[in-house]
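Chain A is the first sequence line, chain B the second, and so forth, proteins listed ahead of strands; every chain is numbered from 1. Here the structure is a predicted model, which is why all the values come from computation and not from measurement.
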Amino acid sequence: MLSKANFLKILDIIAEMFPRAHGELRSDTPFQMLIAVILSAQATDKGVNKATPALFAKYPDSKSLALADISDVESLIKTIGLYHSKAKNIIRTAEMLETDFGGELPHDKDLLQKLPGVGRKTANVVLGDAFGIPGIAVDTHVERVSKRLQLVKQSATVTEVEDKLMKVVPESEWVVTHHRLIFFGRYHCTARSPKCTLCPVLPYCKFGEKLSIQ
DNA sequence: ATCCCGAGGG
DNA sequence: CCCTCTGGAT
């Protein structure tokens, strides 16, 4: 298992690789960010950004989306995938924001998770990116990278990954570290054919060490 | 554990 | 063709 000192060293290297890591979902308001993040489940940010301009042009806020026709929303987000459940979830989320939350997003993880389609990961992303509230969202990239670097055991759950990262990284760095790990996973330590031979982190990585031998 | 589900990359 | 994508609900 990787030591804390070595992991912080790796984070420094990754920070140099991606000095401008940031959320890549487009949105003009916290509400739109919430919807975009819900839509991003098992989908690429690029794919979400392709669909949301038309969606937000027609339904810019919770008041309008709450009254939307589901088949219309489905057709607007169809290219993203998982569109039946996502259409239902974002309309219901808009309704609940209107009826139960006074039209405002709650700045609270547990309350956000009461909204359909919003789980731990989505709540963390929205709190961090929309409100600057510290948190580490563990998505497919963060999980894969953390396991390859042996920050956690291979069998670790997403919650265990999240807890470990929060323990090792100072709270003031949680949100930016999250984005750096995403960028590292999305553009460099990719799921398929990771760029190990070009990787500045290779000296610290058992996973890449194994790959680079052959 | 399984389902949802289209687009893009290799 | 097969794999992956800022997962969540059942």
Has A:Lys88 got more than 12 heavy atoms of other residues, nucleotides or ligands less than 6.0 Å from its NZ?
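Check fails, neighbour count at 12 or below.
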Would you please test A:Leu67 and A:Ile91 for side-chain contact (heavy atoms from CB on, under 4.5 Å) and show each step?
CA-CA 8 Å; A:Leu67 300 175; A:Ile91 291 173; over 6 Å; no
Between A:Lys167 and A:Glu160, does any NZ, NE, NH1 or NH2 come within less than 4.0 Å of an OD or OE carboxylate oxygen?
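Salt bridge between A:Glu160 and A:Lys167, a charged N being under 4.0 Å from a carboxylate O: no.
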In whole Å, what is the span from the [atom1] atom of [X] to the [atom2] atom of [N]?
X	N	atom1	atom2	answer
A:Ile182	C:dT4	CD1	P	16 Å
A:Arg192	C:dC1	CZ	P	15 Å
A:Asn49	C:dC5	CG	P	17 Å
A:Lys109	C:dG7	NZ	C1'	15 Å

Go through the structure and list residues passing salt bridge (Lys or Arg N to Asp or Glu O under 4.0 Å) with A:Arg26, not counting sequence neighbours.
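So A:Arg26 forms no salt bridge (Lys or Arg N to Asp or Glu O under 4.0 Å) with any residue.
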Please identify the 5'-most and 3'-most nucleotides of DNA chain B with any atom under 4.0 angstrom from a heavy atom of chain A.
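So the outermost contacting nucleotides come out as B:dC4 to B:dG9.
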What residue among A:Ile77, A:Leu55, A:Thr52 forms side-chain contact (heavy atoms from CB on, under 4.5 Å) with A:Ile35?
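Only one of A:Ile77, A:Leu55, A:Thr52 forms a side-chain contact (heavy atoms from CB on, under 4.5 Å) with A:Ile35, namely A:Leu55.
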Partner of A:Lys121 under side-chain contact (heavy atoms from CB on, under 4.5 Å), chosen from A:Val37, A:Ile136, A:Val158:
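Of A:Val37, A:Ile136, A:Val158, side-chain contact (heavy atoms from CB on, under 4.5 Å) with A:Lys121 is met by A:Val37 alone.
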When you compare B:dC5 with C:dT10, how far apart are their P atoms, in angstrom units rounded to a whole number?
15 Å
Tell me which residues in residues 78-87 of chain A put a heavy atom below 4.0 Å from DNA chain B, sorted by number, or none.
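The stretch gives A:Lys78, A:Thr79, A:Ile80, A:Gly81, A:Leu82, A:Tyr83, A:His84 as the residues lying under 4.0 Å from the strand, ordered by number.
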Do any of residues 10-28 of chain A sit with a heavy atom less than 4.0 Å from DNA chain B, and if so which?
none
Within residues 111-128 of chain A, residues whose heavy atoms come under 4.0 Å of DNA chain C:
A:Leu115, A:Pro116, A:Gly117, A:Val118, A:Gly119, A:Arg120, A:Lys121, A:Thr122, A:Val125
Residues in residues 145-180 of chain A with a heavy atom under 4.0 Å of DNA chain C, by number, are A:His178, A:His179
Would you indicate, yes or no, if C:dT4 has its OP1 or OP2 atom less than 4.0 angstrom from a side-chain nitrogen or oxygen of A:Arg144?
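Indeed not, no polar side-chain atom of A:Arg144 lies that close.
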Sequence neighbours left out, what pairs pass salt bridge (Lys or Arg N to Asp or Glu O under 4.0 Å) with at least one residue falling in residues 66-80 of chain A?
A:Lys58-A:Asp72
Going by salt bridge (Lys or Arg N to Asp or Glu O under 4.0 Å), name the pairs with one or both residues in residues 129-144 of chain A, residues two or more places apart or in two chains.
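Residue pairs passing salt bridge (Lys or Arg N to Asp or Glu O under 4.0 Å), neighbours aside: A:Glu143-A:Lys147.
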Ring pair (Phe, Tyr, Trp, His ring centres under 6.0 Å) contacts in which one or both residues fall within residues 10-68 of chain A, not counting sequence neighbours
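Ring pair (Phe, Tyr, Trp, His ring centres under 6.0 Å) check on residues 10-68 of chain A returns A:Phe18-A:Phe183, A:His22-A:Phe183.
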Taking ring-ring contact (aromatic ring centres under 6.0 Å, His included) as the definition, give me every residue that meets it alongside [X], ordered by chain and number, with sequence neighbours left out.
X	value
A:His84	none
A:Phe131	A:His107
A:His188	A:Phe184

Side chain proximity check, A:Ile10 to A:Leu2, heavy atoms < 4.5 angstrom:
yes
Side-chain heavy atoms under 4.5 angstrom apart, residues restricted to Ile, Leu, Val, Met, Phe, Trp, Tyr: same cluster for A:Val176 and A:Val138?
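No, A:Val176 and A:Val138 fall in different hydrophobic clusters.
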Test your reading of the model: is there a side-chain donor-acceptor pair from A:His178 to the backbone of A:Ala137, 3.5 Å cut-off?
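Looks like yes, one N/O pair under 3.5 Å.
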Using only atom types and a distance under 3.5 Å, with no angle test, would you say the side chain of A:Ser64 pairs donor to acceptor with the backbone of A:Asp61?
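A pair under 3.5 Å: yes.
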Please work out if A:Ala191 contacts a base, only the sugar-phosphate, or nothing of the nucleic acid, heavy-atom cut-off 4.0 Å.
sugar-phosphate
